[in-house]
Amino acid sequence: MVGGETVEVTIDEVEAYCGKDDPASHAFRGRTDRTAPMFGQPGTIYVYRSYGIHWCVNIVAGAEGVAQAVLIRGGLVTKGLATAVARRGRSDHVADGPGKLSQALAIDGSMSGSEVGIGDISLQLHAGQPIPYVTTPRIGISKAKERPWRFLTADR
DNA sequence: CAGCGGATCGCCT
DNA sequence: GGCGATCCGCTGC
């Protein structure tokens with residue numbers, strides 16, 4: 001991990017995962033040690049490892065015990081670009097994917113279960129202006145493919 | 001207790 | 001556009 005100034009991104013792509021009603025959700029089969037943060041209160045961070053290599057970040061959005069969360073899939077770096085580039089090891093494709101965004105923000109599994117805005121290495125969320133967006137099916141899943149629960153900015 | 005599939009990425013063609 | 005890397009949790013034997 002590479003330290004440095006605060007990195008800020010404007011999120012432009014997310015997906016919704018809806019607990020027990022959603023076969024594609026890690027929480028679908030109930031609570032395990034790994035998925036316990038998904039069942040926490042809103043604002044809880046759930047980080048999982050993907051393909052044995054990457055870290056992916058979710059923010060719990062539903063009530064405690066419900067396990068509804070938002071996967072942060074991509075964003076544009078608006079501050080701390082040099083730090084983000086150093087962490088990524090390249091100057092392009094800095095945060096345009098869930099694993100890439102996590103690496104740019106120096107988020108890893110040790111943050112799973114903590115809460116937004118709390119901790120030495122904290123993840124802050126700020127509301128932005130409403131913007132046009134489109135919905136599509138979610139990416140890379142094999143179950144519940146028909147649900148249009150991927151949300152991304154319209155201007156791309 | 002072993003096998004397998006995955007909410008991905010980067011490099012090669 | 002296609003494929004190999006890489007490892008952990010869950011499922012099934």
Query - A/V85 and A/T83, any side-chain heavy atoms less than 4.5 Å apart - result: no
May I have the list of side-chain donor-acceptor pairs in residues 16-31 of chain A shorter than 3.5 Å, sequence neighbours left out?
unit_1	atom_1	unit_2	atom_2	d
A/Y17	OH	A/E15	OE1	2.6
A/D22	OD1	A/A24	N	3.0
A/D22	OD1	A/R138	NH2	3.1
A/D22	OD2	A/C18	N	3.0
A/D22	OD2	A/R138	NH1	2.7
A/S25	OG	A/A27	N	3.0
A/H26	ND1	A/R34	NH1	3.3
A/H26	ND1	A/Y46	OH	2.8

Report summary line: d(A/K145 NZ, A/I139 CD1) to nearest 0.5 Å is 10.5 Å
**Report entry** Strand contacts (DNA chain B) in residues 21-36 of chain A, 4.0 angstrom heavy-atom criterion
**Finding:** A/A24, A/H26
Query raised in the report: If we only count heavy atoms from C-beta on, is the A/V14 to A/R73 side-chain gap below 4.5 Å?
Result: no
Query raised in the report: Rounded to the nearest 0.5 Å, how far apart are CG of A/D96 and CG of A/D12?
Result: 8.5 Å
Query raised in the report: How many angstroms lie between CD1 in A/I118 and CE in A/M111, if you round to the nearest 0.5 Å?
Result: 11.0 Å
Report task. Residues of residues 131-149 of chain A with any non-hydrogen atom less than 4.0 angstrom from an atom of DNA chain C: list those, numerically ordered, please. Result -> none
Query - Interface residues of residues 94-102 of chain A with DNA chain C (non-hydrogen, below 4.0 angstrom) - result: none
Report task. Measure the shortest side-chain to side-chain distance between A/K100 and A/S102 over non-hydrogen atoms and say whether it is less than 4.5 angstrom. Result -> no
Query - Residue-level proximity of residues 61-79 of chain A to DNA chain B when a heavy atom falls under 4.0 Å - result: A/L71, A/R73
Query raised in the report: Would you say the side chain of A/D108 lies within less than 4.5 Å of the side chain of A/V47, judging by non-hydrogen atoms?
Result: no
Query - Modelled atom types, side-chain donor and acceptor of A/T6 and A/E8, under 3.5 Å - result: no
Query raised in the report: Quick one: how far along DNA chain B does chain A reach, first to last nucleotide 5' to 3', anything under 4.0 Å to a heavy atom?
Result: B/dG6 to B/dC11
Query raised in the report: Any side-chain heavy-atom pair from A/T78 and A/V9 closer than 4.5 angstrom?
Result: no
Query raised in the report: Does a donor on one side chain sit under 3.5 Å from an acceptor on the other, for A/Q103 and A/R87?
Result: no
Report summary line: For A/Q41, the side-chain hydrogen bond (donor to acceptor under 3.5 Å, both in side chains) test, sequence neighbours excluded, returns A/E115
Report summary line: Note on DNA chain B: ranges paired as stems (three or more Watson-Crick/G-U pairs in a row, both atom distances under 3.5 Å) are B:1-6 with C:7-12, B:8-12 with C:1-5
Query raised in the report: Who pairs with A/E146 by side-chain hydrogen bond (donor to acceptor under 3.5 Å, both in side chains), at least two apart in sequence or on another chain?
Result: none
**Report entry** CD1-CD1 distance between A/I107 and A/I45, expressed to the nearest 0.5 angstrom
**Finding:** 7.0 Å
Using atom names, set out every protein N or O paired with an N or O of nucleotides 3-6 of chain C below 3.5 Å, distance rounded to 0.1 Å.
unit_1	atom_1	unit_2	atom_2	d
C/dT6	O2	A/Y51	O	2.7

Query raised in the report: Taking only residues two or more places apart in sequence, or in another chain, which ones meet A/T35 in a side-chain hydrogen bond (donor to acceptor under 3.5 Å, both in side chains)?
Result: A/T32
Report task. Apply side-chain contact (heavy atoms from CB on, under 4.5 Å) to A/I11 and A/L76, showing your working. Result -> CA-CA 7 Å; A/I11 295 167; A/L76 300 172; over 6 Å; no
Query raised in the report: Does A/W55 reach the side chain of A/L105, with side-chain heavy atoms less than 4.5 Å apart?
Result: no
Report task. Describe the nucleic acid contact of A/R150 in one word from base, sugar-phosphate, nothing, applying a heavy-atom distance below 4.0 Å. Result -> nothing
Query - Approximate separation, where rounding is to 0.5 Å, of A/D33 CG and A/S112 OG - result: 11.0 Å
Requested in this report: Mind checking the CD-NZ spacing from A/E5 to A/K79? Nearest 0.5 Å is all I need.
Outcome: 7.5 Å
Query raised in the report: Got a sec, which residues hit side-chain hydrogen bond (donor to acceptor under 3.5 Å, both in side chains) with A/T136, two or more places apart in sequence or on another chain?
Result: A/R150
